[in-house]
Amino acid sequence: MKLCYTIISVIGVSVNLLAIVILLRGKCGLSSCTTRYLVAMATADLLVIITEVILWRISDYYFPGSFLEITPVCCVIFVLLRAATDCSVWFTITFTFDRFVAICYQKLKTKYCTEKTAAVVLATTCILLCFKNIPFYFVYEPEEIMNNVPWGCNLKPSLFIEPGWVGFDWFDTVLTPLFPFASILFLNALTVRHILVASRVRKGLRGQSKGENRSDPEMESRRKSMILLFTISGSFILLWLVFVINFLYYNMRGTDPEDYNNSEYIFREFGLMLRSLNCCTNTFIYGVTQSKFREQLKSMIKYPVTSIIRLINEQNN
């Protein structure tokens with residue numbers, strides 16, 4: 001687990017920083033609205049890697065006994081990682097809805113799919129999710145108290161017994177990721193239906209149904225948006241699926257995850273690892289689906305090498 005999370009942290013920080021820098025340069029051929037959503041998603045993913053993977057999962061391996069293990073500190077870290085995870089998920093939802101509007105409702109697109117609207121939606125979503133996660137500060141208790149300082153974080157037994165905490169746990173998981181699962185599938189289904197209908201209509205109008213083969217710039221633009229949308233949302237669903245199955249499993253059986261046997265524990269940890277891995281995939285998706293993003297990525301990778309070669313040549317001359 002230590003090695004896997006270490007690899008995820010290195011890859012996650014690197015690729016998300018790369019994505020943020022490339023997208024902020026604005027040379028990827030994307031609209032300012034889409035760029036804002038993608039930057040927000042990359043930033044949220046980066047925060048998940050920092051808070052959950054680095055500060056929560058592996059800090060104990062590399063910095064045992066550090067101040068990060070003081071109970072109030074690790075409680076704050078837990079609140080931050082929960083907020084970052086929620087933002088990562090819900091920014092995917094807001095992006096999916098934005099692309100749904102852009103593809104399916106051309107009249108609404110001019111009013112909704114703007115940089116200003118994106119900023120308002122993202123800021124509102126982030127603020128609400130941060131407030132929603134404040135109760136998580138109180139789910140842990142100290143493992144021990146040394147010199148009047150509480151150390152470690154143990155889940156309170158009441159978390160799985162008291163109706164209030166059980167209800168909050170259900171509300172939290174329905175909000176992230178059960179409702180996003182359903183929303184993404186629903187919006188993508190409507191988007192596919194609209195594209196298929198629109199494609200048939202436009203082919204008929206342009207005479208393609210009779211065998212003519214002329215390019216359609218509008219349908220090509222929609223196709224690229226659809227590919228980007230479906231790869232991002234599909235990756236999210238696949239990588240969160242094991243975590244959702246585990247949640248349903250321990251709630252239906254009434255089992256405390258702390259009492260899992262070896263196979264159940266491995267399945268749970270595998271789900272958590274895939275959830276973290278979800279924060280590393282979007283940059284690769286951009287690289288595969290967006291040609292201009294690939295060009296910018298190659299340029300950034302080549303720049304240090306070309307700069308060193310140029311410097312060496314100048315010194316030799």
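Listed for the Trp90 side chain is a donor-acceptor partner under 3.5 Å among the backbone atoms of Leu175. A donor-acceptor distance shorter than 3.5 angstrom exists from the side chain of Asn16 to the backbone of Gly12, with no hydrogens or angles considered. At distances below 3.5 Å, at least one donor-acceptor pair connects side-chain atoms of Ser66 with backbone N or O atoms of Phe63. Side-chain atoms of Gln296 do not come within 3.5 Å of backbone N or O of Lys292 as any donor-acceptor pair. With Glu269 contributing its side chain and Tyr265 its backbone, the two residues share no donor-acceptor pair below 3.5 Å. The backbone N or O of Leu129 sits less than 3.5 Å from a side-chain atom of Asn133, completing a donor-acceptor pair. Distance alone, capped at 3.5 Å, places no donor-acceptor pair between the Ser158 side chain and the Ile161 backbone. A side-chain donor-acceptor contact under 3.5 Å links Thr110 to the backbone of Lys107.
Listed by first then second residue, pairs satisfying salt bridge (charged side-chain N to carboxylate O under 4.0 Å, His left out) with a partner in residues 36-55 read Arg36-Glu115, Glu52-Arg57, Glu52-Arg275, not counting sequence neighbours. Listed by first then second residue, pairs satisfying disulfide bond (SG atoms under 2.5 Å apart) with a partner in residues 55-145 read Cys74-Cys153, not counting sequence neighbours. Legend: disulfide bond (SG atoms under 2.5 Å apart) pairs involving residues 19-67, not counting sequence neighbours: none detected.
Residues Phe100 and Ile184 form no side-chain contact, since every pair of their non-hydrogen atoms from C-beta on lies 4.5 Å or further apart. Contact annotation: the side chain of Val192 approaches that of Phe230 to within less than 4.5 Å [non-hydrogen atoms, C-beta and beyond]. Inter-residue side-chain proximity for Tyr286 and Ile22 is flagged as unmet; no heavy-atom pair is nearer than 4.5 Å. Here the side chains of Thr117 and Lys111 are not in contact, with every heavy-atom distance at 4.5 Å or above. Residues Ile195 and Ile103 form a side-chain contact, since some pair of their non-hydrogen atoms from C-beta on lies under 4.5 Å apart. Looking only at side-chain heavy atoms (C-beta outward), Thr35 and Val39 come within less than 4.5 Å of each other. Looking at heavy atoms from C-beta onward, Phe186 lies out of side-chain contact with Thr96 at the 4.5 angstrom threshold. Side-chain atoms of Phe181 and Phe236, non-hydrogen and from C-beta on, do get closer than 4.5 Å to each other.
In this structure, the ring of Tyr105 has its center no less than 6.0 angstrom from the ring center of Tyr112.
Residues Ile227 and Leu297 do not share a hydrophobic cluster, defined by chaining ILVMFWY side chains whose heavy atoms lie under 4.5 Å apart. Two different hydrophobic clusters hold Val48 and Phe270 under the rule that ILVMFWY side chains link at heavy-atom gaps under 4.5 Å. Residue Leu272 is grouped with residue Leu248 when hydrophobic side chains (ILVMFWY) are merged at heavy-atom distances under 4.5 angstrom, including chains of intermediate members. Linking ILVMFWY side-chain heavy atoms closer than 4.5 Å, directly or via other members, places Val21 and Leu23 in a single hydrophobic cluster.
Taking CG of Leu80 as the reference point, atom CG of Leu47 lies at 9.0 Å (rounded to 0.5 Å).
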Exercise. Kindly determine whether Gln290 and Leu30 satisfy side chain to side chain contact (heavy atoms under 4.5 Å, CB included), including the steps that lead there.
Key: CA-CA 9 Å; Gln290 304 293 309; Leu30 300 170; 3.5 Å; yes

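Because its NZ or CZ atom is both nearer than 6.0 Å to the ring centre of Tyr62 and within 45° of the ring axis, Lys2 counts as a cation-pi partner of that residue.
For Thr306, there are no side chain to side chain donor-acceptor pair (under 3.5 Å) partners at least two apart in sequence or on another chain. For Tyr61, the ring pair (Phe, Tyr, Trp, His ring centres under 6.0 Å) test picks out no residue, with sequence neighbours left out. Qualifying ring pair (Phe, Tyr, Trp, His ring centres under 6.0 Å) partners for Phe78, counting only residues two or more places apart in sequence or in other chains: Trp56, Phe136, Tyr140.
Ring-plane geometry between Trp240 and Phe243 is classed as perpendicular, the angle between the planes exceeding 60 degrees on a 0 to 90 degree scale with a lower cut at 30. Taking the six-membered ring for Trp and thresholds of 30 and 60 degrees, Phe171 and Phe168 have ring planes inclined between 30 and 60 degrees apart.
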